[in-house]
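Below is one structure, written out as structure tokens; comments come after it.
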Amino acid sequence: MIREKLAESIRRSLTDAQTEGVISFGMLPEIELEVPKNTQFGDFTTNAAMVLAKEAGMPPRKVAEVILSHLHAQDIVERTEIAGPGFINFYLKPTWLHDALCRIATQGAQYGRSDVGQGTRIQVEFVSANPNGPIHVAHGRGAATGDVISSMLSALGFDVTREFYVNDAVNSKQMQNFGKSVHARYMQALGHDFPMPEDAYQGEYVIDIAKDIVKEYGDRFLSMSVEERIRTFTDLAKEQMLELQKKDLADFGVKFDVWFSEQTLHESGKVARVIEILKERGYAYEKSGAVWLKSTAFGDDKDRALVRSNGQPTYIAADAAYHLDKFNRGFEKVIDCWGPDHHGYIARTKAAVAALGCDPSKLDIIIYQAVRLFAGGEMVMMSKRAGDVVLLSELVAEVGKDAARFFFLMRSTDSNLDFDLELAKSQSNDNPVYYVQYAHARICSILRKAEEMGVPVRRACDTDLTPLGHEAEISLIKKLAEFPDTVAEAGLAYEPHRLTRYCQDLAAIFHTFYTECRVMGEDPALTNARLALVDSARIVLQNALGLLGISAPSTM
RNA sequence: GCCUCCGUAGCUCAGGGGAUAGAGCAACUGCCUUCUAAGCAGUGGGCCACAGGUUCGAUUCCUGUCGGGGGCGCCA
């Protein structure tokens, strides 16, 4: 990679100068080489001279001179300049752009991937919706975010496991309410005048589940005791919900490697065991009939209950057991992707992990901010219990998987996301996903034209690329060359929106190129070179959209 | 009260220790006999909330203030 090569040259230049005694500094600084916003400042620029100035005890521009006088990079650098307060701007030989295109053509679908992860085992846990209702729109953001973070890390050479934690503890209040709700609907479906329980789940889908149970089993459960019936229904309904969730997520382009049941942690004794471990390690104690995690020892505001005075373990106890299990499975990095209502759980979860003797820095918790639904400028309320949820499946049916994913991924996870249903449903041209996909369709159209005219598309490595020199061509190649860096930065920072942004930028640059530079023209040499360029753009766009889980249509 | 995210163009949001702060939408003006006009080019529009601090340099980092979203259970 050209950037690394240049950075290495600068480092060598500095160490050489130091050896000669021309300059003196302590540690070699991290060389920051970036693509300047303004093309008039060259292909790459570095602030190394300014960073070193103080330590070296000379003015930045003088340091820059020292760097340049010891630089041996004539093979790639055409010229350099010292600018402004001490920037060094590099103007590379045009062949670096040709090399970039050749690399894309050679690597194809692999372009953008790397091995920085070196097979490190990493687990991404996301969505983890309760198994007592369908996946709704608010889960969509977590689903898209976790999925694309996983894809990016995988592209970076990490060994990624996508995991869904199923909060199916049968003794939990929410599962019991769910079971009671299904039971009430079952009785109603059989014609009984039966009241809904307190805090019932009101959604239509509960009625559907009850009807399905009636259809399949009739009234045979009436012979059971009420408790037995509720337990049976909880199980049946949970299974049905899990299947539905799997299907809805699959339709959204998300597949999990592991569906991890909380209940198994209780049944296998891992929850009880983790409490014992915490007690042994001195981080759990009993007080007023309950067992407490001493999370304050790790910076939490207050200690948290692990076991209630009625003997039931809390969610935190199960979660501690779950995270211990994750680390015991050998993951070297564990990522939890949670909604904004969980931010208060970061401190206690990390505390639990630390109390168990695991390294809390191996646990990264991503909190994505709220999704708010708007329909015609009005905010749509979303309450699961009240039953007025908007389902992810409905959204996907209305706007399609591609648009839905792109919308969810466009914004930084730190920002709220306002999802305008009307806009998304209207399939409006404002939708940026069309803009990006259109660029790909146009590329394919050019390639079809070439085929039609009997002009073979030659790979960039086997084509004379010197005819490329138009401003629009140059900026397109530069953008294509950036892609691997973008994937690395977005992936390591867990920031999928950088990738959607990249796609939009690339599409914009391509559309400009398309308007300014006719590919299938009179000059065969130019046509060949542009075809190679366009084909490289196709590869990069496909790879980028592929990481986002969004299709790259060849016609629109 | 405590925690957390946000505050950048009319709107929705990117960016981010550095050289003239960006995109989309909205407004206005041009561009289709030629590879898809779901496109392109151009114009207007900004005390980057405010006040201190760190720095050679702050819109960016730190502290505080103000404003907005969300969260603070022996619920999950």
Side-chain angles (χ1 to χ4, degrees), chain A residues 32 34 36-38 40-41 45 47 50-51 53-54 59-60 83-87 89 128-130 132 165 167-169 172-175 177 199 262 287-292 300-302 304-319 339-347 367-370 372 374 410-418 420 423 427-439 441-450 452-453 455 472 497-498 500-501 504-505 507-508 510-521 527 530-531 534 555-556:
Chain A
E32 276 183 47
E34 50 185 30
K37 274 176 257 171
N38 195 324
Q40 82 178 59
F41 297 128
T45 187
N47 63 355
M50 291 180 285
V51 174
K54 194 169 187 178
F87 293 103
N89 298 334
S128 300
N130 291 332
N132 51 30
Y165 182 51
N167 289 125
D168 58 355
S172 71
K173 201 180 277 181
Q174 48 119 1
M175 284 312 279
N177 283 346
D199 293 328
E262 176 189 350
K287 190 182 137 194
S288 26
V291 181
W292 297 79
D300 198 4
D301 318 2
K302 44 188 161 185
R304 308 291 169 175
L306 286 167
V307 183
R308 300 177 193 112
S309 43
N310 68 6
Q312 289 291 332
T314 65
Y315 173 81
I316 272 292
D319 225 35
D341 49 334
H342 282 70
H343 100 263
Y345 293 79
I346 296 174
I367 299 288
Y368 58 89
Q369 295 302 312
R372 294 183 302 194
F374 288 83
M410 264 168 66
R411 303 271 138 81
S412 153
T413 52
D414 283 342
S415 285
N416 284 342
L417 181 100
D418 290 346
D420 189 328
L423 180 72
Q427 296 233 354
S428 156
N429 299 343
D430 307 344
N431 196 332
V433 69
Y434 290 115
Y435 182 80
V436 175
Q437 290 181 318
Y438 186 52
R442 274 181 145 178
I443 291 172
C444 293
S445 170
I446 296 170
L447 297 175
R448 275 193 301 273
K449 181 83 178 177
E452 207 179 292
M453 294 170 64
V455 180
H497 76 280
R498 295 202 196 193
T500 56
R501 168 82 25 189
Q504 294 183 85
D505 290 347
F510 175 78
H511 286 309
T512 300
F513 160 80
Y514 182 90
T515 311
E516 306 236 340
C517 303
R518 189 175 170 83
V519 177
M520 302 310 297
T527 293
R530 284 184 173 166
L531 273 175
V534 157
T555 57
M556 282 177 76

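The analysis underlying the following values was restricted to heavy atoms, covering all of them including side chains, and did not include hydrogens, waters or symmetry mates. Order of the sequence lines fixes the chain letters, A, B, ..., with proteins taken first and strands second; residue numbering starts at 1 for each chain.
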Side-chain heavy-atom pair A:Phe87, A:Pro85 within 4.5 angstrom cut-off: yes
Sugar-phosphate, base or nothing in reach of A:Thr45, heavy atoms under 4.0 Å: base
Candidates B:U55, B:G71, B:G73 - which lies nearest the side chain of A:Asp341: B:G71
Whole-Å C1' distance, B:G24 and B:A9: 12 Å
B:A38 phosphate, OP1 or OP2, under 4.0 Å from A:Tyr434 side-chain N/O: no
Contacts of A:Tyr165 that satisfy ring-ring contact (aromatic ring centres under 6.0 Å, His included) - sequence neighbours left out: A:Tyr322
Under 5.5 Å and under 30°: A:Tyr435 stacked on B:A38: no
Check against side-chain contact (heavy atoms from CB on, under 4.5 Å), A:Val51 and A:Glu32: CA-CA 10 Å; A:Val51 174; A:Glu32 276 183 47; 5.9 Å; no
Of the listed nucleotides B:G39, B:A14, B:C35, the one nearest the side chain of A:Ile446: B:C35
Between B:G39 (P) and A:Ile443 (CD1): distance, integer Å: 15 Å
Sugar-phosphate only, base, or nothing, as touched by A:His343 at under 4.0 Å among non-hydrogen atoms: base
Nearest-angstrom distance from the residue atom NE2 of A:His497 to C1' of B:C6: 14 Å
pair A:Ser415-A:Gln369: side-chain heavy atoms closer than 4.5 Å: no
List, one per line, each side-chain donor-acceptor pair under 3.5 Å for residues 512-521 of chain A, sequence neighbours excluded.
from	atom 1	to	atom 2	distance (Å)
A:Thr512	OG1	A:Ala508	O	3.1
A:Thr515	OG1	A:His511	O	2.8
A:Arg518	NE	A:Met520	O	3.1

N/O (side chain, A:Lys37) to phosphate O (OP1/OP2, B:A19) under 4.0 Å: yes
Contact under 4.0 Å: A:His511 side-chain N or O vs B:A41 OP1/OP2: no
Distance in angstrom units between A:Asn310 CG and B:G73 C1', rounded: 14 Å
Interatomic distance at C1', B:U8 relative to B:G67, whole Å: 15 Å
Sugar-phosphate, base or nothing in reach of A:Gln312, heavy atoms under 4.0 Å: nothing
Distance, P atom - from B:G68 to B:C62, rounded to whole angstrom: 23 Å
Which nucleotide in B:A37, B:G69, B:C72 has an atom nearest any side-chain atom of A:Gln369: B:G69
Any A:Tyr514 side-chain N or O less than 4.0 Å from OP1/OP2 of B:A37: yes
Proximal nucleotide (of B:A37, B:G73, B:C13) relative to the A:Lys173 side chain: B:G73
A:Asn132 vs A:Asp168, side-chain contact (heavy atoms from CB on, under 4.5 Å): CA-CA, chis, key distance, verdict: CA-CA 9 Å; A:Asn132 51 30; A:Asp168 58 355; over 6 Å; no
Worked check of side-chain contact (heavy atoms from CB on, under 4.5 Å) between A:Thr500 and A:Val433: CA-CA 9 Å; A:Thr500 56; A:Val433 69; over 6 Å; no
Nearest listed nucleotide, side chain of A:Pro340, among B:C74, B:U34, B:G70: B:G70
5' precedence on RNA chain B between A:Gly289 and A:Ala370 (nearest-nucleotide basis): A:Ala370
Aromatic stack A:Phe87/B:A19: centroid gap under 5.5 Å, interplanar angle under 30°: yes
Sugar-phosphate, base or nothing in reach of A:Arg448, heavy atoms under 4.0 Å: base
Sugar-phosphate, base or nothing in reach of A:Asn89, heavy atoms under 4.0 Å: base
Side-chain heavy-atom pair A:Thr314, A:Arg308 within 4.5 angstrom cut-off: yes
Euclidean distance, atom CD of residue A:Gln504 to atom C1' of B:A14 [Å, nearest integer]: 9 Å
Sugar-phosphate only, base, or nothing, as touched by A:His342 at under 4.0 Å among non-hydrogen atoms: base
Flag side-chain contact, heavy atom, 4.5 Å: A:Ile367 against A:Thr413: no
Distance in angstrom units between A:Arg501 CZ and B:U12 C1', rounded: 11 Å
A:Asn38 side chain to A:Gln40 backbone, donor-acceptor under 3.5 Å: yes
Interatomic distance at C1', B:U34 relative to B:C25, whole Å: 31 Å
Proximal nucleotide (of B:U34, B:C13, B:A19) relative to the A:Ser415 side chain: B:C13
B:G39 and B:A23, which share atom name P, separated by this distance in whole Å: 16 Å
Selected nucleotide, minimal atom distance to A:Met50 side chain, candidates B:C5, B:U12, B:G18: B:G18
B:C32 versus B:A26 - spacing of their C1' atoms, nearest Å: 24 Å
Touch class at under 4.0 angstrom, heavy-atom based, for A:Glu34 against every strand present: nothing
A:Thr512 vs B:G39: side-chain N/O to OP1/OP2 distance below 4.0 Å: no
C1' atoms of B:U12 and B:C6, separation to the nearest Å: 14 Å
A:Asn38 side-chain proximity, nearest of B:U20, B:C40, B:G71: B:U20
From B:A38, B:C56, B:G39, nucleotide with atom closest to A:Arg442 side chain: B:G39
5' precedence on RNA chain B between A:Asn47 and A:Lys302 (nearest-nucleotide basis): A:Asn47
In B:C50, glycosidic geometry as syn within 90° of 0 or anti otherwise: anti
A:Arg308 side chain, from C-beta outward: closest of B:C56, B:C75, B:U20: B:C75
Whole angstrom value for the distance that separates C1' of B:A38 from CG of A:Asn431: 10 Å
Sugar-phosphate, base or nothing in reach of A:Asn416, heavy atoms under 4.0 Å: sugar-phosphate
Where RNA chain B forms stems, i.e. three or more consecutive Watson-Crick or G-U pairs with both distances under 3.5 Å: B:1-7 with B:66-72, B:10-13 with B:22-25, B:27-31 with B:39-43, B:49-53 with B:61-65
A:Gln174 versus A:Asn167, side-chain donor and acceptor atoms under 3.5 Å: no
Sugar-phosphate only, base, or nothing, as touched by A:Ala290 at under 4.0 Å among non-hydrogen atoms: base
Atom C1', compared across B:A51 and B:G7: separation rounded to whole Å: 16 Å
Separation of atom OH in A:Tyr315 from atom C1' in B:G73, rounded to whole Å: 14 Å
A:Phe510 CZ to B:A41 P, straight-line distance once rounded to whole Å: 13 Å
